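Read through the structure below, which is laid out as structure tokens, and then see the notes.
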Amino acid sequence: MDEELHERVREVVRALPEGSVATYGDVAAAAGAPTPRLVGRILAEDGQDLPWHRVLRADGTPAPHLATEQLARLRAEGVSSEGGRIPLGRFRHRPR
DNA sequence: AAAGTGACTAGAC
DNA sequence: CGTCTAGCCACTT
């Protein structure tokens, strides 16, 4: 299995600063994942100890089944969600 | 082996 | 704003 990829993804997500967010695409690019889908899969499997709530979809909306929890957590960090959506232009952070 | 699935995305309308 | 299509990749049926 791609243990390396898992580790890289975890590290990137772990490094996301509080009060900022990144898209699955950003994480995928930073971690070298072949497709953003894999990032979601990896987080579902191995993201329980990470700030996964700082990872959003490209349009600033979280995945449907997580939306409630995710938006609540972000709000608690000072990330203002407007109508279930995060203004990426303001909070987005691109990991290296 | 073929088809379905999902924490995704970009483009077309 | 919204819905639909087509790619995408690893995994499960």
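The shown structure was predicted, so the numbers you read here are calculated from the model rather than taken from an experiment. Chain letters run A, B, ... following the sequence lines, proteins first and then strands; every chain starts at 1.
Stem regions annotated for DNA chain B: B:2-6 with C:9-13, B:8-13 with C:2-7, counting only runs of 3 or more consecutive pairs of Watson-Crick or G-U type with both contacts under 3.5 Å.
Residue P36(A) has its side chain nearest to dT9(B) when only dA7(B), dC1(C), dT9(B) are considered. Candidate nucleotides dT9(B), dA7(B), dC9(C) were compared by shortest atom distance to the side chain of T35(A), and dC9(C) ranks first. For A58(A), whose side chain is taken as the heavy atoms from C-beta onward, the closest listed nucleotide among dA7(B), dC9(C), dA10(B) is dA10(B). Side-chain proximity of L66(A) to dC1(C), dA10(C), dA7(B): nearest is dA7(B).
No donor-acceptor distance shorter than 3.5 angstrom exists from the side chain of D2(A) to the backbone of E4(A), with no hydrogens or angles considered.
With both ends at atom P, the span from dA7(B) to dG7(C) equals 22 Å, rounded to whole Å.
Under the 3.5 Å distance criterion, with hydrogens and angles disregarded, no donor-acceptor pair is assigned to the side chains of E45(A) and H6(A).
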One pair to check against side chain to side chain donor-acceptor pair (under 3.5 Å): R90(A) and S80(A). What are the steps and the verdict? CA-CA 10 Å; R90(A) 210 169 77 193; S80(A) 56; 3.1 Å; yes

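Just one residue in the list I42(A), V9(A), L16(A), V13(A) forms a side-chain contact (heavy atoms from CB on, under 4.5 Å) with L50(A), and that residue is V13(A).
Using a 4.0 Å cut-off between a side-chain N of Lys or Arg and a carboxylate O of Asp or Glu, D49(A) and R14(A) do not qualify as a salt bridge.
For dA7(B), the base has no donor-acceptor partner in the side chain of R41(A) [N/O atoms by modelled type, under 3.5 angstrom].
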